[in-house]
Structures are given as structure tokens and as C-alpha cells.
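The first residue of the sequence shown is numbered 1, and numbering continues consecutively from there. Read the numbers this way: they start at 1 and go in the same order the structure lists the ligands and their atoms.
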Amino acid sequence: MIKLTHECYWDQTSQTVSLNNHSVMLSSKMRKLLKIFIDHHGKPIAPADFFYSIWDDDNNDYNPKHIRNLISNLRIKLPCLTIVNYYGGRYALMKNEESIPDFKDYLIEILDQAKNGITISDPNKFDNPIIYVNHAFTSLFGYTSEEALDKNCRFLQRDDRDQLALDEIRYAIKVKTDVTVILRNYHKEGQLIYNEVTISPIFDKKTHKLKYFLGVQKDVTSLQKILQQIKGIV
Ligand SMILES: Cc1cc2nc3c(=O)[nH]c(=O)nc-3n(C[C@H](O)[C@H](O)[C@H](O)COP(=O)(O)O)c2cc1C
């Protein structure tokens with residue numbers, strides 16, 4: 001369900017609109033028109049582009065008047081929409097900032113589907129606990145997000161705390177800078193995982209205050225094992 005404006009929703013599955021909880025009857029051409037507007041919200045579209053997408057199954061010759069009429073009928077049916085005319089005859093459905101989703105609304109989804117582990121920690125809370133882990137993190141280390149959240153990421157090291165790279169992390173966190181190191185971490189079932197982790201501070205753009213740390217975890221176990229074998233040979 002996409003919120004077009006206050007009290008006006010577009011159901012992508014049934015391709016219907018409801019206004020103040022009442023469904024609004026639209027002709028199939030109007031529905032196609034509205035779908036194109038929604039898919040390109042905020043971007044001007046030429047009448048010819050509308051025409052050939054809407055009259056796709058007819059052998060009609062292009063006629064901008066058909067589009068003008070269709071748009072004015074849509075405006076009558078859905079006065080809540082803001083459809084603007086641009087110089088040159090193009091039209092755009094103006095974006096209602098809090099309604100039509102764009103990629104920002106999918107950011108968590110995007111992070112969740114990333115192939116590397118992603119963690120976010122909150123340095124303004126005691127012991128810099130994890131506040132977000134993505135799916136790749138939970139499948140790499142075998143912990144559920146509930147098990148990982150609110151803990152400091154060091155739990156992945158278990159008792160293997162004598163690692164030089166940890167000093168680099170401590171320093172980077174202290175001076176709020178990026179760092180990339182390879183750590184020995186452990187899966188929930190106990191297997192050793194060589195984890196190439198990059199940790200970056202995230203600042204508030206306006207206040208420049210440190211808000212979060214972003215961690216990106218990459219499994220480099222196979223590579224490390226090959227390197228160790230090579231070292232053993234030479
Ligand atoms: C965002 C973020 C992600 C981190 N990811 C890992 C990780 O994947 N594995 C790990 O062993 N340590 C990770 N750390 C480092 C530990 O949390 C911790 O900073 C490190 O163990 C050094 O501090 P300590 O001496 O307090 O343990 C991460 C830290 C931050 C801030």
C-alpha cells in the first residue's frame with residue numbers, strides 16, 4: 001500500500017485507490033496513468049510516453065488530447081493529487097515527502113540484503129553496543145540478531161583476546177577514524193572465522209557529533225588459510 005497523500009492510498013497489488021477509506025473507481029486507462037505517475041513520481045513525463053504505455057494494445061495514433069483529457073479526469077477523481085504541467089507539455093506527480101516511498105524507505109531492506117556483514121553500534125551508550133546487525137552477519141556468525149543486539153562486538157572474539165589488531169581498533173575508535181583489520185572471530189558453534197572488519201565513525205552532518213559506528217564484516221577465512229599454507233611452504 002502506498003500513501004499518496006493524507007487519506008489517499010494506492011494498492012499496488014489490486015491497483016486501486018482509496019480516498020478517505022472509500023475505494024475510488026478508476027477506468028483501466030486512468031489506473032495505468034496513475035501507475036506511471038507513481039512509478040516516476042516527481043519526474044516530468046512526456047505525453048507521448050504516457051500515450052504509448054497506456055494505449056499499448058490499441059492501434060491508436062498518438063494524440064496528446066487523449067492524455068490531457070485523461071489527466072483532467074484523474075484530477076477530478078482524485079483532487080488530492082498534485083499533478084503539475086511543465087513547460088513543453090510534460091506532466092509530473094509531485095512527491096509528497098512523507099508518502100511515496102523512494103530508495104530511502106528501503107535502506108534497512110538494502111542493508112539486510114547486502115552480502116557482507118553489517119553492524120551499527122551506538123558509541124553514546126555504555127560499552128558501544130550493537131544496535132543493528134544485518135542478515136549476512138547473523139548467517140556468518142550463527143547468532144540471531146536478538147543474541148547479538150545490545151552487546152559489544154567483542155563477544156565474537158571469545159577468549160582469543162591477544163590480537164594486535166585490537167589495538168588498532170581501540171585507537172581508531174578513540175580518535176574517531178576508520179580502520180580495517182583482520183580479526184580472529186568465532187562462530188556460535190565454535191569454528192574460527194577470519195573476519196576482515198572495517199569500522200567507520202558516522203557523524204551528524206549538522207552538529208558533527210559522533211552518532212554511530214558502522215562495521216562491515218567480510219569472511220576471509222579461505223584466503224587466510226591459503227596464505228598460511230603458502231607461508232608454511234616458503
Ligand atoms: C561497529 C563495530 C563493529 C565491530 N565489529 C567487530 C567484529 O566483527 N569482530 C570483532 O571481534 N570486533 C568488532 N568490533 C570491535 C569490538 O567491538 C571492540 O571495539 C574491540 O574488541 C576493541 O575493544 P575492547 O578492548 O574493548 O574489546 C567492532 C566495533 C565496532 C564499533
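- From the protein, the heavy atom lying nearest to atom 19 (O) of ligand 1 is I173 CD1, 3.4 Å.
- T16 and D11 form no side-chain donor-acceptor contact under 3.5 Å, judged by distance and modelled atom types alone.
- Side chain of K176 to main chain of L210: no donor-acceptor pair is present (N/O by atom type, distance under 3.5 Å, no hydrogens or angles).
- Comparing R184, Q157, R158 by heavy-atom distance to atom 12 (N) of ligand 1, the nearest is Q157.
- If you number the atoms of ligand 1 from 1 as listed, the ones under 4.0 Å from a heavy atom of L156 come out as 7 (C), 8 (O), 9 (N).
- Taking every non-hydrogen atom of R161 and a distance limit under 4.0 Å, the qualifying atoms of ligand 1 come out as 21 (O), 24 (P), 25 (O), 27 (O).
- Taking the ring centroids of F37 and F50, they lie under the 6.0 Å cut-off.
- Scanning the protein for heavy atoms near atom 13 (C) of ligand 1, the closest one is C153 CB, 3.4 Å.
- Here the rule is side chain to side chain contact (heavy atoms under 4.5 Å, CB included) with V181, and of I169, L166, D167 only I169 fits it.
- Closest protein heavy atom to atom 3 (C) of ligand 1: T119 OG1, 3.5 Å.
- Using a 4.0 Å cut-off between charged side-chain N and carboxylate O, R184 and D160 make a salt bridge.
- Under a 4.0 Å criterion applied to the non-hydrogen atoms of S121, ligand 1 contributes the atoms 1 (C), 31 (C).
- With respect to atom 5 (N) of ligand 1, the closest heavy atom belonging to the protein is Q217 NE2, 3.1 Å.
- Q224 and Q228 are not linked by any side-chain donor-acceptor pair at a separation below 3.5 angstrom, with hydrogens and angles left out of the test.
- Residue N185 places at least one N or O, backbone or side chain, under 3.5 Å from an N or O of ligand 1.
- Under the 4.5 Å side-chain heavy-atom criterion for grouping Ile, Leu, Val, Met, Phe, Trp and Tyr, V17 is connected to I36 within one hydrophobic cluster.
- Contact annotation: for I120 versus ligand 1, there are no heavy atoms closer than 4.0 Å.
- For atom 16 (C) of ligand 1, the nearest non-hydrogen atom of the protein is N152 OD1, 3.4 Å.
- Residue F213 has at least one heavy-atom neighbour below 4.0 Å for each of these atoms of ligand 1: 1 (C), 31 (C).
- For the residue pair T180 / E196, no side-chain donor-acceptor distance below 3.5 Å is found, with atom types taken as modelled.
- Nearest non-hydrogen protein atom to atom 25 (O) of ligand 1 is R170 NE, 2.5 Å.
- Protein heavy atom at the shortest distance from atom 7 (C) of ligand 1 is N195 ND2, 3.5 Å.
- What sits closest to atom 10 (C) of ligand 1 on the protein, heavy atoms only, is L183 CD1, 3.3 Å.
- Distances below 4.0 Å separate heavy atoms of N128 from the following atoms of ligand 1: 31 (C).
- Looking only at atom types and distance, the side chain of N128 has no donor-acceptor partner in the side chain of Y212 under 3.5 Å away.
- Within 6.0 Å of atom CG in N124, more than 12 heavy atoms from other residues, nucleotides or ligands are found, so the atom counts as buried in its surroundings.
- Contacts between I130 and ligand 1, counted as non-hydrogen atom pairs separated by less than 4.0 Å, are absent for every part of the residue.
- For ligand 1 and V197, the ligand atoms under 4.0 Å from any heavy atom of the residue are 5 (N).
- For N185 (side chain) and N195 (main-chain N/O), no donor-acceptor pair under 3.5 Å exists by modelled atom type.
- Contacts between R154 and ligand 1, counted as non-hydrogen atom pairs separated by less than 4.0 Å, involve both the backbone and the side chain.
- Distance NZ/K35 to CD1/I2: 8.5 Å, rounded to 0.5 Å.
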